[in-house]
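For reference, the structure is listed below as structure tokens.
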Protein chains: 2
Amino acid sequence: MINRDKISDKTIGRLSQYRRFLNLLHENKVKNVFSYQIANSAGVTSPQVRRDVMLLGYNGNPAKGYNVEALMECLAHYLDTPGGEGVVLVGFGNLGRALISYFSKQRPNLSIVAVFDNDPALIGRVIHGVRCCSMEDFASVAQQNNVRVGILAVPADQAQLTADLMVAAGINGILNFALTTLQVPPHVYVERVDITTSVEKVVFFARKIRQERTLP
Amino acid sequence: MINRDKISDKTIGRLSQYRRFLNLLHENKVKNVFSYQIANSAGVTSPQVRRDVMLLGYNGNPAKGYNVEALMECLAHYLDTPGGEGVVLVGFGNLGRALISYFSKQRPNLSIVAVFDNDPALIGRVIHGVRCCSMEDFASVAQQNNVRVGILAVPADQAQLTADLMVAAGINGILNFALTTLQVPPHVYVERVDITTSVEKVVFFARKIRQERTLP
DNA sequence: ATGTTATTGTGAAAAAAATAACAGCGTTAA
DNA sequence: TTAACGCTGTTATTTTTTTCACAATAACAT
Ligand SMILES: NC(=O)c1ccc[n+]([C@@H]2O[C@H](COP(=O)([O-])OP(=O)(O)OC[C@H]3O[C@@H](n4cnc5c(N)ncnc54)[C@H](O)[C@@H]3O)[C@@H](O)[C@H]2O)c1
Ligand SMILES: NC(=O)c1ccc[n+]([C@@H]2O[C@H](COP(=O)([O-])OP(=O)(O)OC[C@H]3O[C@@H](n4cnc5c(N)ncnc54)[C@H](O)[C@@H]3O)[C@@H](O)[C@H]2O)c1
């Protein structure tokens, strides 16, 4: 029924976005929603939404649109790990702490189960109920909790080293905030968040728009 | 010579990445670099790099590759605003503070010139030499410093409101960290950083890889 | 001088992604 | 009961993005 093989990176990103809107609708007791409404909320087109939903194998109703609850359930079944996915975070610095606070506000299907740092001064500290552990305990904690996904928030020059540790501990998904392209084996998926690049993109296009408006 | 019209979002992102590697090479006094080396550092293919560089109008040398300094200069001329671009940040919370620390370590061509918050308890506080100002001063500070780009790090329910303020103050590029799709006029470019979606992507593909490895 | 080598620059081909188009279908209201 | 409506599901088309492939070429050794 579901062909997970053919799904792309981008589609998954959009599905995750649609879900946020559905959550909102559900909280407001809205029962049904049309593709164009979802599209609007995510800044995409309605055929795009229908196409994406099609991949899930979920069918809407031509008169009522999609059933909010049913679609949410379908998305959860598709995107989420049954029983929830525990994530570890390495790097208890400025960004690490912000992320802990952020995740503590999210739904519990995604939760940070442990935080690690190699600075002795930080080990043992607790933020939002999460205690910072020593890197020495990384492999054992990760394996005990069956952790598969790690967030990397250490300085760039420590990132590869840390990623190697993660991979050795059985992690096969990394969200990398450090300014490095990690070298990992093919069975590890890496997603990179590069804020400098994001800002440079905004600067570029903002300037471009400005120039187009002043002299055409 | 340069056709800025045809350039895509993705290309700009890659150019920004290439630049990071070039900076590194330059610091290490490396004079020349081949497309495949740049490609390697950014996790893309070498034809991709050559194609992207082609758009800049810069020409390499078949025997020596690209001249590091010349290419850097070309990139700077293309991506950067002459005289540097000042950026403002709204939201002096966990994420805002992490961002200030992050930008204080970056090259000075991109700098945060002012930070704003609406919490009276935060106004006047200084971090990394940047003082938190009241939202009331937003328009005047932004206009005095000729700011065109803003970073949005306020709670989701305040994001649209804040974006409207930014747009009214003449900003036409926004980096949005809040979990909302902003409604802005067409002359404003918005780039969104959505960490929940990023994590969900990693979780999904990590799980997919796992499943493919255990039962193929 | 000249051959050899490895890389660039770029048109052509392929792949991927987005958009358009429309038949088919519940629902609703006459 | 039936016609009108507006949406979905899906195929076809278009557009965008990436990769391939190779002629052209600068450097260097001989
Ligand atoms: N601060 C931001 O907003 C921001 C944004 C995007 C990306 N980043 C990137 O995220 C990373 C962390 O940023 P930050 O601002 O939190 O830096 P930070 O210096 O505040 O924190 C880094 C933390 O990593 C720890 N660390 C260093 N080496 C380690 C190792 N080998 N193993 C385990 N822990 C180690 C340090 O003890 C420190 O606590 C950097 O690569 C930075 O470029 C930061
Ligand atoms: N913390 C993270 O790592 C992280 C990561 C990604 C995205 N985000 C998003 O970024 C935003 C901020 O996150 P945070 O963790 O810093 O939250 P936070 O609650 O720590 O900080 C929010 C700050 O915004 C200020 N604020 C609220 N309303 C305002 C208004 N109308 N005008 C000006 N300032 C206002 C608050 O006073 C507070 O200082 C949220 O939308 C969050 O979802 C956070």
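Everything quoted here is computed from the prediction, not taken from an experiment. Hydrogens, waters and symmetry mates are skipped; everything else that's a heavy atom, side chains included, is used. So you know, we letter chains A, B, ... as the sequences are listed, proteins then strands, and number each from 1.
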| request: Write down the distance between CZ (Arg50(A)) and C1' (dC25(C)), rounded to a whole number of angstrom. | output: 14 Å
| Could you state the CG-P distance from Asn67(B) to dT8(C), rounded to the nearest angstrom? | 13 Å
| request: Over all heavy atoms of both residues, which pair between Thr181(A) and Arg192(A) is shortest? Give the atoms and the distance, please. | output: OG1-NH1, 3.0 Å
| request: Go through the side-chain N and O atoms of Gln160(A) and Asp164(A) and say whether any donor and acceptor fall under 3.5 Å apart. | output: yes
| request: For dT17(D), take OP1 and OP2 only and decide whether either is under 4.0 Å from a side-chain N or O of Gln48(B). | output: no
| How close or far is atom P of dT19(C) from atom CE of Met54(A), stated in whole angstroms? | 15 Å
| field | Between dT8(D) (P) and Phe34(A) (CZ): distance, integer Å | value | 6 Å
| Nearest non-hydrogen partners of Tyr58(B) and Tyr66(B), listed with the distance | CE2-CD2, 3.4 Å
| Which nucleotide in dT7(C), dT18(D), dA17(C) has an atom nearest any side-chain atom of Pro62(B) | dT7(C)
| What is the distance from CG of Asn32(B) to C1' of dA6(C), rounded to the nearest Å? | 14 Å
| field | N/O (side chain, Tyr66(B)) to phosphate O (OP1/OP2, dG9(C)) under 4.0 Å | value | yes
| query | Between Asn61(B) and dT7(C), is there a side-chain N or O to OP1/OP2 distance below 4.0 Å? | reply | no
| Ile38(A) has an atom CD1; how far is it from atom P of dT8(D), in whole Å? | 8 Å
| field | Length of the line joining Tyr36(A):OH and dT8(D):C1', which is rounded to integer Å | value | 13 Å
| message | Among dA17(C), dT18(D), dA27(D), which nucleotide has an atom closest to any side-chain atom of Ser8(A)? | response | dA17(C)
| query | Of Lys64(A) and Pro47(A), whose nearest nucleotide on DNA chain C comes first from the 5' end? | reply | Pro47(A)
| said: Whether Thr45(A) contacts dA18(C) is assessed here as follows: a side-chain N or O lying under 4.0 Å from the phosphate OP1 or OP2. Is that the case? | reply: no
| Within the structure shown, what part of the strands sits under 4.0 Å from Ser35(B) by heavy-atom distance: base, sugar-phosphate, or nothing? | sugar-phosphate
| request: Could you state the atom-to-atom distance from CG of Leu55(A) to P of dA17(C) in whole Å? | output: 11 Å
| Has Arg14(A) got a side-chain N or O lying under 4.0 Å from the OP1 or OP2 atom of dA18(C)? | yes
| message | Between Arg97(A) and Arg97(B), is there a side-chain heavy-atom distance shorter than 4.5 Å? | response | no
| request: Confirm from the modelled atom types if Arg51(A) and dT10(D) form a donor-acceptor pair under 3.5 Å, side chain to base only. | output: no
| query | Using the ring of each side chain (for Trp, its six-membered ring), is Tyr189(A) parallel, tilted or perpendicular to Phe205(B), with breaks at 30° and 60°? | reply | parallel
